[in-house]
Asker: 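Pasting in a structure now, in structure tokens, and then I'll have a few things to ask.
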Protein chains: 2
Amino acid sequence: MNSLKQMDRGALSDALDHSGQRTTPQRETVFSVLLDQRDHPTADEVYARTKSRMPTISIATVYNCLETLVSCGLVKQVNIEREPTRYCPNLSPHAHFHCRETGRVYDVPVPSGMMQELAGVLPGEYEADSVELVFRGHLAKGKTK
Amino acid sequence: MNSLKQMDRGALSDALDHSGQRTTPQRETVFSVLLDQRDHPTADEVYARTKSRMPTISIATVYNCLETLVSCGLVKQVNIEREPTRYCPNLSPHAHFHCRETGRVYDVPVPSGMMQELAGVLPGEYEADSVELVFRGHLAKGKTK
DNA sequence: ACATAGTTTAGAATTATTCTAAATCAAATT
DNA sequence: AATTTGATTTAGAATAATTCTAAACTATGT
Ligand SMILES: [Mn+2]
Ligand SMILES: [Mn+2]
Ligand SMILES: [Zn+2]
Ligand SMILES: [Zn+2]
């Protein structure tokens, strides 16, 4: 039994249906792992967490499921330097902050007006369908969040 | 003989000195390769171009030189999805545009006011020392630039 | 000249990711 | 219900960018 809420289960099967893919226990479980702990895990971390709920799953399937979720728009890949890809189920417009000290990645909400402005810096011939905004630095003392 | 202009040669030795590293023919040549063709080459591409000017250089040295140039602030790494790291000697504030069709990466100037605004979206406890802004999409027809 | 430390180099090692091919599963059709 | 068909899962092999290792080389300071 995975811990998908009814709402999320619906969003999942809608998105999968819409892209002609099936809803499977593996995909549900991987998705629920991402929704339950929103700390931008790597594929290996997703694998470890998923295995505790579904011990027979393989790392290849985790990669497959993550790719499927990305391809149907429910999950975003987060590319941080040369580190392994991380996965983020936050669909609202946001940036990422990567702490050099802890390695953790945080969501930073970005007002949608700001996203508009960003698109505005592009000369006319550039037609962007996505924007990735990553800050790097450190968190002020105390606030480990 | 590499093709570094006097100005760039000066910037290079200053930056290297400042970070306690030596100016070497390999570092000069790699730097000149980056300055001569500003198309965000990968390490392999830099290797190929550098070899034509300095046939004995090794790929390990190219990686070492690139890392040295990055560490002393003369070159920026550009991370595009899961692709190999690219290198950019443009020190002015700019974003990158990655064309899905051709794979090419273009510099997009960003007004410094925009960079200020971007920093403004960060809550107080986040102290950023760098911002990476990457657009992805395609170039409108005709304009291959 | 000699000692020292920095740099270069070839090749081995690492590692995230992708690929391959066989096994499993599930929807559709008979 | 049995059969077909195509999608999915799986283990393991393969790939490829990058890093590591240790030896050779180079430059610098005494
Ligand atoms: Mn911190
Ligand atoms: Mn294009
Ligand atoms: Zn996120
Ligand atoms: Zn650039």
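Numbers restart at 1 for each chain; the letters A, B, ... are given by sequence-line order, proteins then strands.
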Asker: Under 4.0 Å between a side-chain N or O of Gln26(B) and OP1 or OP2 of dT26(D)?
Answerer: no
Asker: If you define the side chain from C-beta out and look only at heavy atoms, does anything of Pro41(A) sit under 4.5 Å from Arg86(A)?
Answerer: no
Asker: When you check the phosphate oxygens OP1 and OP2 of dT9(D), does a side-chain N or O of Thr56(A) lie under 4.0 Å from one of them?
Answerer: no
Asker: Between Arg9(A) and Thr23(A), do the side chains contain a donor N or O and an acceptor N or O under 3.5 Å apart?
Answerer: no
Asker: Once you round it to whole Å, what is the distance between P of dA12(C) and CD1 of Ile59(B)?
Answerer: 16 Å
Asker: Hey, what's the ring geometry for Tyr126(B) with Tyr106(A), parallel, tilted or perpendicular (30° and 60° as the breaks)?
Answerer: perpendicular
Asker: So, is Arg27(B) close to the dT7(C) phosphate, meaning a side-chain N or O under 4.0 Å from OP1 or OP2?
Answerer: yes
Asker: Think Thr24(B) has a side-chain N or O under 4.0 angstrom from the OP1 or OP2 of dT8(C)?
Answerer: yes
Asker: For Tyr63(B) and for Arg22(A), find the nucleotide of DNA chain D with the closest heavy atom, then tell me which residue's nucleotide is more 5'.
Answerer: Arg22(A)
Asker: For the helix from dA1(C)-dT30(D) to dT30(C)-dA1(D), what angle lies between the axis at the first five pairs and the axis at the last five pairs, to 10 degrees?
Answerer: 20°
Asker: Between Ser58(B) and Ala43(A), which has a closest nucleotide on DNA chain C that is more 5'?
Answerer: Ser58(B)
Asker: Name the nucleic acid region contacted by Thr42(A), choosing base, sugar-phosphate or nothing; use a 4.0 angstrom heavy-atom cut-off, strictly under.
Answerer: nothing
Asker: Nearest 0.5 Å, please: how far is CD in Gln37(B) from NE2 in His40(B)?
Answerer: 12.0 Å
Asker: Does the ring centre of His94(B) sit less than 6.0 Å away from the ring centre of His96(B)?
Answerer: yes
Asker: Could you tell me how far apart Met54(B) (CE) and dT26(D) (P) are, to the nearest whole angstrom?
Answerer: 12 Å
Asker: If only side-chain N and O atoms count, and only distance matters, is there a donor-acceptor pair under 3.5 Å linking Ser32(B) with Thr29(B)?
Answerer: no
Asker: For dT9(C), take OP1 and OP2 only and decide whether either is under 4.0 Å from a side-chain N or O of Thr61(B).
Answerer: yes
Asker: Rounding to a whole Å, what distance do you find between Leu16(A):CG and dA26(C):P?
Answerer: 15 Å
Asker: Mind calculating the distance between CZ (Arg86(A)) and P (dT17(C)) to the nearest angstrom?
Answerer: 11 Å
Asker: Are Val134(B) and Val108(B) joined in one hydrophobic group, where the rule is that I, L, V, M, F, W and Y side chains link up if heavy atoms are under 4.5 Å apart?
Answerer: no
Asker: Using whole Å, report how far CZ of Arg82(A) lies from P of dT14(C).
Answerer: 20 Å
Asker: Over how many whole Å does the gap from Glu45(A) atom CD to dT17(C) atom C1' extend?
Answerer: 16 Å
Asker: dG11(C) C1' sits how many Å from Asn64(B) CG, rounded?
Answerer: 14 Å
Asker: Measure the distance from CD on Gln21(A) to C1' on dA26(C) and round it to the nearest whole Å.
Answerer: 15 Å
